[in-house]
Protein chains: 2
Amino acid sequence: MKLTSKGRYAVMALVDLARFDNINPVSLRDISLRQSISLDYLEQIFSKLKKNEIVKSIRGTQGGYVLNKNPNDIKLTNIFHAVDEKVKTVQCKKESKRGCNGKATKCITHNLWDELEIHINTFFENKSLEDLINDNKETRV
Amino acid sequence: MKLTSKGRYAVMALVDLARFDNINPVSLRDISLRQSISLDYLEQIFSKLKKNEIVKSIRGTQGGYVLNKNPNDIKLTNIFHAVDEKVKTVQCKKESKRGCNGKATKCITHNLWDELEIHINTFFENKSLEDLINDNKETRV
DNA sequence: TACATACCTGACTAAAATGGTCAAGTTTAG
DNA sequence: CTAAACTTGACCATTTTAGTCAGGTATGTA
Ligand code: FES
Ligand code: FES
């Protein structure tokens, strides 16, 4: 079970963005340099964040990205969903009545994995970008 | 973030084993058939479970595997650890002072991922094989 | 108006991880 | 003696990951 770098970078970049987003848009170039993330890769990520209305883009010189919502309204769930970082613990299709083994009933561990998925998602739902910014302020003063 | 089938199968197989482990050892062949898991793959998995003293093996005809501990003392953590299904959310080496970005300090999201890792591991530490057997009895009567 | 900056898009790919299979044993009950 | 079942290690196809590359397009500023 591991986190992919797409999800990790998305959150990193947004925390960085939120910290510097005062008046001016923040360019991916700056984020790239500060956080050591490939610029090309960041572009892919922000394209998705934009589609999901988490950020707004401003083109041209002095352009960049700005948050599209209040940091308190951006939960980790939203970010992960935007970049397709999904938590997948069950193997079967959830809608289906069939199990992961092809049988007509769910497998003997299905409920367990389902519980786990909920457990993890709860964490993501309760954590907002604002929380992260604050945590970060504390540790750096 | 997804669960690999090694971890999933390990737990599945152990629940199956625990349910049928009365007097006689349970053969992998039976587990394979009941749970639709490749026999060859199960062998790899049980080899690891054995090394970690979660099961005991009995060779020869009528042989098979038996639990090596009380189901209540086998936590998901133990099972996952045995088959190398590890939760990895931070990117950096934990012991090191350096961050995942190569810089001298931890990255701005390090604490978050660390929290997440603890959150998930807590789930695994609190869930025992016995819990799973009971859950399963309930749903099947 | 030129031009540099920065967003935008899609194709491509090397490397790693995953989810197994295959082959050749050894042990032991009956 | 033989079949059932564990044991070990090598091997491999496919998928996923984590990017790179090569073009574009929009726009503020000089
Ligand atoms: S995970 Fe849903 S049936 Fe096995
Ligand atoms: S995850 Fe530990 S420093 Fe980034």
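Small disclaimer: the values here were computed from a predicted structure and weren't measured. Protein chains get the first letters and strands the later ones, always in sequence-line order, with residue 1 at the start of each.
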Residue-phosphate contact under 4.0 Å: A:S27 side-chain N/O, C:dT5 OP1/OP2: no
Earlier contact from the 5' end, DNA chain D, for A:I58 and A:L3: A:L3
Rounded distance (Å) that lies between atom C1' of D:dT7 and atom NZ of B:K51: 10 Å
Rounded interatomic separation in angstrom, taking NZ from B:K6 and C1' from C:dG20: 9 Å
Which residues share a side chain to side chain contact (heavy atoms under 4.5 Å, CB included) with A:L33, sequence neighbours left out: A:R29
side-chain N/O B:S5 vs C:dG20 OP1/OP2, d < 4.0 Å: yes
Cationic N near anionic O, under 4.0 Å, B:D84 to B:K48: yes
Donor-acceptor side-chain pairing of B:K50 and B:S57 below 3.5 angstrom: yes
Flag, side chain of A:N121 to backbone of A:E117, donor-acceptor distance under 3.5 Å: yes
OP1 or OP2 of D:dC21 under 4.0 Å from side-chain N/O of A:Y41: no
A:K86 NZ - D:dT16 P separation (whole Å): 10 Å
Side-chain N,O (B:Y9) to OP1/OP2 (C:dT18) below 4.0 Å: no
D:dT7 OP1/OP2 closer than 4.0 Å to side-chain N/O of B:S57: yes
Between D:dT20 (C1') and A:L42 (CG): distance, integer Å: 14 Å
Verdict with reasoning, B:V90 to B:K106, per side-chain contact (heavy atoms from CB on, under 4.5 Å): CA-CA 10 Å; B:V90 297; B:K106 295 293 184 186; over 6 Å; no
Among C:dT21, C:dT27, D:dA18, the one nearest A:T4 by side-chain distance: D:dA18
Residue mapping more 5' on DNA chain C - nearest nucleotide basis, A:L28 or A:K2: A:L28
Between C:dA4 (P) and A:Q62 (CD): distance, integer Å: 15 Å
Among D:dA18, D:dG24, C:dT9, the one nearest A:E43 by side-chain distance: C:dT9
A:D40 side-chain proximity, nearest of D:dC21, C:dC7, D:dT8: D:dC21
Any donor-acceptor N/O pair, B:K56 side chain to B:Y65 backbone, under 3.5 Å: no
Euclidean distance, atom NZ of residue A:K48 to atom P of C:dT9 [Å, nearest integer]: 13 Å
Value in whole Å for how far the C1' atom of D:dC6 lies from CZ of B:F46: 12 Å
For atom NZ of A:K50 and atom P of C:dA6, their distance in whole Å: 16 Å
Short side-chain N/O contact from B:T61 to OP1 or OP2 of C:dT28, under 4.0 Å: no
Earlier contact from the 5' end, DNA chain C, for B:R59 and B:S38: B:S38
Given C:dT26, C:dC7, D:dT20, the nucleotide with the shortest approach to the side chain of A:Y65: C:dC7
